[in-house]
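Scroll down for the structure; my scribbles are underneath it.
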Amino acid sequence: MGLLEMIQTGPRIEQHVANSKIVIDPFDRRCLNPNSYNYHLGPLVHRLNDGQVAETHDLRSAPLVLEPRTVYLGHTLERIGSEVYVTLLNGRSSLGRLGLFLNYSADLGHRGAVHCWTLELLAAHPIWIYFGMEVGQATFWSVAGAGPIYCGRFAQFDGPTPGLQSDLEWLG
Amino acid sequence: MILTGTEIMRCVASGDIEIDPFDRDLLTPNSYDLTFSGKLITYDAAVIDPLRETPTIDIPVPSDGVVLEAGRVYLASSHERIGSNMYVPMLKGRSSAARLGLFTHITADIIDLGFFGCITMQLYAVQPFVLRRGVSIAQLTFWTCEGDRTLYDGKYQGAAGPIASRSWLDGKGPGQ
């Protein structure tokens, strides 16, 4: 019988961090929720223009106002991931309610990728962001069936990393 | 695993899932369609600061609907009170609304185990959108979970209408 696809509870996440099946580093058990972990915003934020990094801001020197209709890339403060469970990185409802959307399209983190994750940030309204704020939730899912783990380009990066047109395979 | 519509109905009958009021015509193969309560709010600030409370204004919803402006976030509540101590609810938009450029809850779709109340939906329209009371713009899915359960006991528990962000109550400042 294969493994069933189930979301891990907060206590189970804590167990798996202790036995290294899930990496959350640094880990603070106060950030556990019934079914997720609140991750924090890392220091560097890129503002993109035409797919290129136009400006980089370090939140440790000052907070930043995110403007609407602009692509920003941040990153998690924590290294997060697992070779056993699938990680989904999403926003928090407290910030979603303020119109701050995270990973609005691609929230799936492949099994095997363990690093500080790039966060796609979109602001509906001008909004302040701060270094170290609890900015999103990570959930962990057991998988059905065996398969390879991720070994792609983004796994090597711990800072915000833009995509490249060459990353998009043209199947035409 | 995601529950089927039939299983959702069985769990409502057994009390493992609360959907009140419940209408079996709103069941789908893997979800339940939530309806808009008619309660709508939006923010009233030039720049939002998550560390401080942001004032909101109530938006009246007349019988022929209200026009959602493009590019503004609105908070709408479900007519239904929902929750479960057994299965994790996850809120998704309905494709009928998404195909018209209305994003319903595009971040933070997971609802904590043990939350009970009306759902606050984040609405963001790519172009002006007419929203009417009673329409279904979101669907609720339910997922099994693995491990010991702890139940939600947070700042949005028991919501009876749309609740604006209470991020300023987080208690942990930046860099902490």
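Just so you know, these numbers come straight off a predicted model, no measurement behind them. Note on naming: letters A, B, ... go to the chains in the order of the sequence lines (proteins, then strands), and numbering restarts at 1 for each one.
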Should B/Asp148 and A/Thr9 be marked as a side-chain hydrogen bond (donor to acceptor under 3.5 Å, both in side chains) after you check the CA-CA gap, both sets of side-chain angles, and the distance that decides it? CA-CA 7 Å; B/Asp148 292 339; A/Thr9 63; over 6 Å; no

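- In this structure, A/Arg97 satisfies the cation-pi test against B/Tyr156, with its NZ or CZ atom closer than 6.0 Å to the six-membered ring centre and inside 45 degrees of the ring normal.
- The candidate from B/Ile2, B/Leu75, B/Asp153, B/Leu151 with the greatest count of non-hydrogen atom pairs under 4.5 Å with chain A is B/Leu75.
- At a threshold of 4.5 Å between side-chain heavy atoms, the hydrophobic network of Ile, Leu, Val, Met, Phe, Trp and Tyr places B/Met86 and B/Phe116 in two separate groups.
- Looking only at distances, no side-chain donor or acceptor of B/Ser165 sits under 3.5 Å from a matching main-chain atom of A/Leu98.
- B/Val61 and B/Val130 are members of different hydrophobic clusters when ILVMFWY side chains are connected at heavy-atom separations under 4.5 Å.
- Within 6.0 Å of the CG atom in A/Asn19, the count of heavy atoms belonging to other residues, nucleotides or ligands exceeds 12.
- Smallest separation of non-hydrogen atoms from B/Cys145 and A/Met6: O-SD, 3.9 Å.
- In this structure, A/Met133 and B/Pro50 have side chains that are in contact, with non-hydrogen atoms separated by less than 4.5 Å.
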Start with the C-alpha distance between B/Asp112 and A/Asn35, add both sets of side-chain angles, then the distance that settles side-chain hydrogen bond (donor to acceptor under 3.5 Å, both in side chains), and finish with yes or no. CA-CA 6 Å; B/Asp112 285 309; A/Asn35 289 94; over 6 Å; no

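- Of the two parts of A/Gln137, only the side chain, counted from C-beta on, holds a non-hydrogen atom closer than 4.5 Å to a non-hydrogen atom of chain B.
- Comparing B/Tyr74, B/Tyr124, B/Tyr152 by how many heavy-atom pairs each has under 4.5 Å with chain A, the most go to B/Tyr124.
- Hydrophobic clustering (side-chain heavy atoms under 4.5 Å, transitive across Ile, Leu, Val, Met, Phe, Trp, Tyr) groups A/Val53 together with A/Val71.
- Proximity to chain A is limited to the side chain of B/Val88, based on heavy atoms less than 4.5 angstrom apart.
- With a threshold of 4.5 angstrom between heavy atoms, A/Ile13 does not approach chain B through any atom at all.
- B/Phe115 has its side chain out of reach of A/Pro34: every pair of non-hydrogen atoms, C-beta onward, lies at least 4.5 Å apart.
- For A/Pro11 against B/Thr150, the heavy-atom pair with the smallest separation is CG-CG2, 3.6 Å.
- A 4.5 Å side-chain heavy-atom check between B/Asp49 and A/Tyr130 finds at least one atom pair inside the cut-off.
- The minimum heavy-atom distance linking A/Ser94 with B/Ser167 is given by the pair CB-CB, 4.0 Å.
- No chain of hydrophobic side-chain contacts below 4.5 Å, direct or via other Ile, Leu, Val, Met, Phe, Trp or Tyr residues, connects B/Leu140 to B/Leu113.
- Of all heavy-atom pairs spanning B/Asp109 and A/Asn90, the tightest one is OD1-ND2, 3.2 Å.
- Taking all atoms of both residues into account, the shortest heavy-atom contact from A/Ala124 to B/Val73 is CB-CB, 4.2 Å.
- Heavy-atom pairs under 4.5 Å with chain A peak, among B/Leu123, B/Ile111, B/Thr54, B/Ile163, at B/Ile163.
- B/Ile48 contributes atom CD1, which lies 11.0 Å from atom CG of A/Leu66 (distance to the nearest 0.5 angstrom).
- Looking at B/Ala45, there are no atoms closer than 4.5 Å to chain A (heavy atoms on both sides), in backbone or side chain.
- In terms of heavy-atom proximity, B/Ala108 sits nearest to A/Ser93 at CB-N, 3.3 Å.
- A/Trp128 places none of its side-chain heavy atoms less than 4.5 Å from the side chain of B/Leu51.
- Counting non-hydrogen atoms of other residues, nucleotides and ligands closer than 6.0 Å to NZ of A/Lys21 gives a total of 12 or fewer.
- Clustering ILVMFWY residues whenever any of their side-chain heavy atoms sit less than 4.5 angstrom apart, transitively, puts A/Ile24 in the very cluster that holds A/Leu41.
- Heavy atoms of other residues, nucleotides or ligands lying less than 6.0 angstrom from CG of B/Asp20 number more than 12.
- Under the 6.0 Å cut-off for aromatic ring centres, A/Phe101 and B/Phe103 do not qualify, their centroids lying 6.0 Å or more apart.
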